Amino acid sequence: MKRNIPEELEPLKALQEFTPARIAIGRVGTSIPLKQSLEFKLAHAHARDAVYSELDINGLSDTLKQFQLPVLQLHSKVADRRQYLQRPDLGRKLNDASINSLHNSAAADVAIIIVDGLSATAVNENTIGLLQVLIPQLQAANFKLAPITLVEQGRVAIGDDIGSGLNAKLSLVLIGERPGLSSADSVGAYLTYNPKPGLTDESRNCISNIRPKGLSYKKAAKKIFYLISEAFARKLSGVDLKDNAGSLDF
Amino acid sequence: MSQFRHTINQKVYRFNDLKTLLGKASPHRSGDELAGVCAESYEERVAAQITLADVPLKLFLNDVVIPYEKDEITRLIIDSHDVKSFSLISHLTVGELRDWLLSDETDTQTLTQIAAGLTPEMTAAVSKLMRNQDLIAVAKKCEVITRFRNTIGLKGHFATRLQPNHPTDDPRGVAASIIDGLLHCSGDAVIGINPATDSPAAVSSLLTLMDTLRHQFEIPTQTCVLSHITTTLQLINAGAPVDLCFQSIAGTELANTSFGINMALIEEAYQATLSLNRGTIGNNVMYFETGQGSALSANANFGVDQQTCEVRAYAVARKFKPLLVNTVVGFIGPEYLYDGKQIIRAALEDHCCGKLLGLPMGVDVCYTNHAEADQDDMDNLLTLLGVAGCNFIMGIPGADDIMLNYQSTSFHDALYLRKVLGLKPAPEFEQWLIKQGIVDSKGNMLPVSAAHGLLGIKV
């Protein structure tokens, strides 16, 4: 009896050039062949490991010294990853010790806030490269930078507490995005003008998929710098700002 | 407002109203904890379930979970309640209804008769007293058949939505996934694309692409781009080839407002789609998607547990005689359904409750990467749903949706299920598969020839 081995589906292979979807992967009986099954498992394993990865506090603190800005280490109200995944409300709030450490901050323009989010791996690997492009641009344009903060078990909105605690006019949250099967290392950048507790997503601008194989550091920095400049010029961020950013040429 | 109480070992459990009782009686899930409506101990949960079992069904017609004056879905539920259908079960309590549903005397025909007499809240309530096994056994007895260009929901048949999504809506990329899917017997429920952008021009070109393909190969199925209902309405008026009108719906008026919809808008789109008269053997023209947690995520749950909110969305769906209703169960994330156990339970509830209310239920058997779930959980759920008589699941290349970034079921998963349970595609589609040389007359897959017409498509 002749068996349907993947090679017999060779005619379908030609379709693969048109899409990154997992098409023309063959079959054994009605099932997915082992090679493709293991490839999928590996991609999922990378995503799962990213969700449970931890912020490299010491490594990042050391590397951030190159920018000659103070670095603060903060933590949300979340106790552990299991709670983080089930209680997004707690991930949006700083714990008491962190709130106290922000007292008496001098006024600043931009607070850069590095948050683990759903992929600390993404933040560990891709924030320094981005900041090496972005920070010199911001400094050249005379934006006063607040201390850089490193935040564990945080969600995007925790930047509102931190930005206002640091007396900053704008918060820039760099956070690990929910890992996809082919992208466990995406950083998202969220800008909020006049950050204060209680804001919602419509007050922010988001730039997604920042990673070497996605939106490059250089392109991401260019876009972030443009949005920060516009936010200061118009004294706002969010939906109203987004509309005018669409004409940017990337 | 009714008050409820139950005593266990001298401890008195009080439940201030029906809404509270339903929340406390719900099997544990993270979304109800996030909403602060779940039981605080294992004992309290069972106390609530024991209490709920004694609540007469008639009480649900007076004690509504969201006020009649405040919510158009409550008004729909109360105003469309069918007293005649209800008469067969009106003397029962929630607990007695559970036993009645499972009894041998209650057959497919009886269940069809009472569908219009059940309200979403009664249905949600009884499901909270049912184990997974009960949810499967009762759903299995239901049969909800719908038609457009083929017949979906017949016992012994099992369909799939071919979901050929692409991150940039590239027509050739979409077409490649459609061809791969068709050659894997997928697409009898619908060929349905989630567009990357909701721009009318982009949606229109995808509709035309699929319509051309369907005509060229005389495929007995329907196509759909899952754009916002206002976009679809606009495209209908512009003469685009719209087979089905899609919309995501939720179980409270406020949640639907956050989706940019209301009953009047859905009615308008329903009538517009009907007027196109494109169905050949039936006129079920609506495709709805739902999912537990949507009301809470819009801050529009009014203290009602997420499963009861979900079943209230089915009241919206059934008003418009849909071809397909799909609960996208694991898409919303672990703050609503934490792990495989919670996702599986929720899917079986949604499927059973939808079927009891007379809906053609399918399930997007799925999860995100931050949920405690994997393909093994999906295999379990898929198999349970096949046994329960689910109308359709998704068919996605390799189970990996590269546009929406989540994992669902593959073309292969549906082939597996049909094989192990002896299920067949929609009859008209099955004949087409045989004619195309994709399967033999017994339904076995045939090797694909390089000369197959589907491989020669030019897009």
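Letters A, B, ... are given to chains in the order of the sequence lines, protein chains preceding strands, and every chain is numbered from 1. Just so it is clear, the model here is predicted, and its values are computed rather than measured.
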Colleague: Count the heavy-atom pairs under 4.5 Å between each of B:Gln407, B:Met403, B:Glu33 and chain A, then report the option with the highest count.
Modeller: B:Gln407
Colleague: Name the region of B:His370, side chain, backbone, both or neither, that has any atom closer than 4.5 Å to a heavy atom of chain A.
Modeller: both
Colleague: Please flag which part of B:Leu404 lies under 4.5 Å from any non-hydrogen atom of chain A: side chain, backbone, both or neither.
Modeller: backbone
Colleague: Using heavy-atom distances under 4.5 Å, tell me whether A:Tyr52 contacts chain B through its side chain, its backbone, both, or neither.
Modeller: side chain
Colleague: Which of the residues B:Tyr367, B:Tyr406, B:Phe411 is involved in the greatest number of heavy-atom pairs with chain A at under 4.5 angstrom?
Modeller: B:Tyr367
Colleague: Where on B:Ser177 is there a heavy atom nearer than 4.5 Å to chain A: the side chain, the backbone, both, or neither?
Modeller: both
Colleague: Between A:Arg82, A:Glu17, A:Lys41, which has the largest tally of heavy atom pairs under 4.5 Å with chain B?
Modeller: A:Arg82
Colleague: If we define contacts as heavy-atom pairs under 4.5 Å, which of B:Gly31, B:Ser30, B:Pro397, B:Gly173 has the most with chain A?
Modeller: B:Pro397
Colleague: I'd like to verify something: which residue of B:Asn405, B:Asn444, B:Leu34 has the highest number of heavy-atom pairs under 4.5 Å with chain A?
Modeller: B:Leu34
Colleague: As an exercise: rank B:Asp170, B:Thr368, B:Ile179 by heavy-atom pairs under 4.5 Å with chain A and give me the winner.
Modeller: B:Thr368
Colleague: Would you say B:Arg29 and B:Gln292 are linked by a side-chain donor-acceptor pair, where the criterion is simply a distance under 3.5 Å?
Modeller: yes
Colleague: Identify which part of B:Tyr338 has an atom lying under 4.5 Å from any heavy atom of chain A, answering side chain, backbone, both or neither.
Modeller: side chain
Colleague: Which atoms of B:Ile402 come close to chain A, meaning under 4.5 Å heavy atom to heavy atom: side chain ones, backbone ones, both, or neither?
Modeller: side chain
Colleague: Determine, stepwise, if the pair B:Leu433 / B:Phe429 fulfils side chain to side chain contact (heavy atoms under 4.5 Å, CB included).
Modeller: CA-CA 6 Å; B:Leu433 290 172; B:Phe429 193 78; 3.8 Å; yes
Colleague: Check whether the side chains of A:Tyr193 and A:Ser203 place a donor and an acceptor atom closer than 3.5 Å, and report yes or no.
Modeller: no
Colleague: I'd like to know if B:Lys341 and B:Asp339 make a salt bridge, using a cut-off of under 4.0 Å between side-chain N and carboxylate O.
Modeller: no
Colleague: Pairing donors with acceptors under 3.5 angstrom, does anything connect the side chains of B:His157 and B:Glu430?
Modeller: no
Colleague: Which atoms of B:Asp413 are under 4.5 Å from chain A, going by heavy atoms: the side chain, the backbone, both sets, or neither?
Modeller: neither
Colleague: For a side-chain contact (heavy atoms from CB on, under 4.5 Å) with B:Asp169, tell me which candidate from B:Asn194, B:Thr197, B:Leu209, B:Val225 qualifies.
Modeller: B:Thr197
Colleague: Under a 4.5 Å cutoff for heavy-atom pairs, which residue among B:Ile396, B:Asp180, B:Leu454 has the most contacts with chain A?
Modeller: B:Asp180
Colleague: Run the salt-bridge test on A:Lys196 and A:Asp160 with the 4.0 Å N-O cut-off and return the result as yes or no.
Modeller: no
Colleague: Select one option (side chain, backbone, both, neither) describing which atoms of A:Leu118 are under 4.5 Å from chain B's heavy atoms.
Modeller: side chain
Colleague: Considering only heavy atoms, which portion of B:Ala371 lies under 4.5 Å from any heavy atom of chain A: side chain, backbone, both, or neither?
Modeller: backbone
Colleague: Look up atom OH in A:Tyr190 and atom CG in A:Leu174, then write down how far apart they are to the nearest 0.5 Å.
Modeller: 11.0 Å
Colleague: Report yes or no: do A:Asn124 and A:Thr121 form a side-chain donor-acceptor pair below 3.5 Å?
Modeller: no
Colleague: Measure B:Gln375 against the heavy atoms of chain A and call it side chain, backbone, both or neither at under 4.5 Å.
Modeller: side chain
Colleague: Will you find, in the side chains of B:Asp364 and B:Ser408, an N or O donor that is under 3.5 Å from an N or O acceptor?
Modeller: yes
Colleague: Which residue pairs pass the side chain to side chain donor-acceptor pair (under 3.5 Å) test when at least one of the two sits in residues 171-180 of chain A, sequence neighbours left out?
Modeller: A:Glu177-A:Ser208
